[in-house]
Amino acid sequence: SGRAGSAIKQPDEGEYLNPAISPDGARVAVNAMDRQTGNWDVWIVDAARGVPTKLTSDDAIDSDAVWSPEGKEVVFSSTRGGHLGLYRQAIDGAGSAEPIYVSKSAQILTATDWTPDGKFIVFAETSPASIWLLTLASDRKPTSLLNGWNPRVSPDGQWIAYGSPEAGMGTMEIYVQRFPGLGSKQ
């Protein structure tokens, strides 16, 4: 309809960054600074009540969560262990965050989507800007897809949209390609 929906009130001190809405629309994962520690963590905000719950509490910077298709887990970026990595955590806080991929060279590493079938994490990494697909199967090997940034997979899992400056002149353009077998660009 083009009308604004409900809004989540920002915290009294600080702000919520990089919101990700849960599949059922009831919660929002955000980056927020813990006022006691000054550290960035992933928080889950109840959308109806606006009540935040801290999900991560490691001394590292934890940020940029993406939801699993069923909304029971998130994958987020972290600086744990001195390297950028992707970690998986249950929303109910059960267990500790599980490392699923750690990069020794990335300057930026951000999970941007979880495929609708639950089998892959799509992420972007600099060195240079590239889009990767990480299988959640036992081998957890990432596969380079293409050059670009901010990839998102369509709800039916058939397409990937991403930004790329490949046309030149320093401007970012949006491309859409078949997924996962990359076809011609649109």
Side-chain angles (χ1 to χ4, degrees), residues 1-80 84-101 108-125 131-134 136 149-163 172 174 176 179:
S1 68
R3 292 187 313 246
S6 60
I8 295 174
K9 183 182 179 296
Q10 293 287 335
D12 293 335
E13 296 178 27
E15 60 186 330
Y16 294 141
L17 299 176
N18 299 339
I21 300 170
S22 65
D24 65 4
R27 296 162 293 174
V28 181
V30 297
N31 304 345
M33 185 180 289
D34 184 308
R35 291 182 293 219
Q36 274 84 35
T37 66
N39 193 49
W40 286 93
D41 285 297
V42 174
W43 293 67
I44 305 298
V45 182
D46 180 295
R49 299 179 302 141
V51 176
T53 303
K54 189 175 178 183
L55 181 66
T56 65
S57 57
D58 193 272
D59 290 340
I61 296 170
D62 297 331
S63 63
D64 304 315
V66 295
W67 291 89
S68 65
E70 74 285 340
K72 294 182 180 179
E73 299 176 296
V74 293
V75 164
F76 59 91
S77 300
S78 182
T79 60
R80 296 173 188 208
L84 286 168
L86 300 176
Y87 290 77
R88 180 165 53 185
Q89 174 73 50
I91 291 304
D92 64 7
S96 59
E98 171 193 11
I100 60 170
Y101 173 71
I108 296 175
L109 176 67
T110 306
T112 60
D113 216 343
W114 198 318
T115 59
D117 62 9
K119 294 180 180 178
F120 300 95
I121 299 297
V122 179
F123 69 95
E125 180 174 339
I131 296 171
W132 294 78
L133 187 65
L134 177 68
L136 291 175
W149 200 247
N150 292 330
R152 298 289 190 277
V153 177
S154 63
D156 66 3
Q158 301 294 308
W159 299 91
I160 187 167
Y162 61 96
M172 188 73 72
I174 304 300
V176 177
F179 179 82

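Positions are given from 1, in the same order as the sequence printed here. All of these numbers come straight from a predicted model, not from anything done at the bench.
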With heavy-atom distances below 4.5 Å as the criterion, would you say the side chains of Thr79 and Leu84 are in contact? yes

CG/Leu86 to CD/Glu125 distance, rounded to the nearest 0.5 angstrom? 8.5 Å

Are any side-chain N or O atoms of Asp113 and backbone N or O atoms of Thr115, one a donor and one an acceptor, separated by less than 3.5 Å? no

Taking C-beta and beyond as the side chain, do Leu136 and Arg88 meet within less than 4.5 Å on heavy atoms? yes

Non-hydrogen atoms of Phe179 and Leu133 that approach each other most closely: CZ-CD1, 3.7 Å

Evaluate whether atom CD1 of Ile21 has more than 12 neighbouring non-hydrogen atoms of other residues, nucleotides or ligands under 6.0 angstrom away. no

When rounded to the nearest 0.5 angstrom, what distance separates CG in Asn18 from OG1 in Thr110? 8.0 Å

Taking all non-hydrogen atoms of both residues, which atom of Gly71 and which atom of Ile91 are closest, and how far apart? O-CG1, 3.9 Å

Report yes if some heavy atom in the side chain of Phe123 is under 4.5 Å from a heavy atom in the side chain of Tyr101; otherwise report no. yes

On a heavy-atom basis, the closest approach of Ala111 and Ile121 is CB-CG2, 4.0 Å

Going by distance alone, is a donor N or O of one side chain under 3.5 Å from an acceptor N or O of the other, for Thr112 and Asn150? no

Non-hydrogen atoms of Asn39 and Ala60 that approach each other most closely: ND2-O, 2.8 Å

Straight-line distance of Glu98 CD to Glu73 CD, nearest 0.5 Å: 8.0 Å

So, for Ala32 and Trp40, which heavy atoms are closest and what is the spacing to 0.1 Å? C-CE3, 3.4 Å

Nearest 0.5 Å, what's the CZ-CD1 distance between Arg27 and Ile8? 12.0 Å

Is the shortest heavy-atom distance from the side chain of Val75 to the side chain of Val66 under 4.5 Å? yes

Please test Asp64 against Asn31 for side-chain hydrogen bond (donor to acceptor under 3.5 Å, both in side chains), starting from the C-alpha separation and ending with a verdict. CA-CA 6 Å; Asp64 304 315; Asn31 304 345; 3.2 Å; yes

Just by distance, do the side chain of Trp67 and the backbone of Ala20 share a donor-acceptor pair under 3.5 Å? yes

Which heavy atom in Ala90 sits nearest to a heavy atom in Leu55, and how many Å separate them? O-CD1, 3.5 Å

Show, in sequence, the C-alpha distance, side-chain angles and deciding distance for Val122 and Arg152, and conclude whether the side-chain contact (heavy atoms from CB on, under 4.5 Å) test is met. CA-CA 8 Å; Val122 179; Arg152 298 289 190 277; over 6 Å; no

Asp92 bridged to Lys72 by N-O distance under 4.0 Å: no

Just wondering, more than 12 heavy atoms not from Asp24 lying within 6.0 Å of its CG? yes

Residues forming a side chain to side chain donor-acceptor pair (under 3.5 Å) with Ser77, sequence neighbours excluded: none

Report the distance from atom CH2 of Trp43 to atom CE of Met33, rounding to the nearest 0.5 Å. 12.0 Å

For Asp156, check side chain to side chain donor-acceptor pair (under 3.5 Å) against everything at least two apart and list the hits. Ser154

Give, for atom OG1 of Thr56 and atom CD of Gln89, the distance between the pair rounded to the nearest 0.5 Å. 8.0 Å

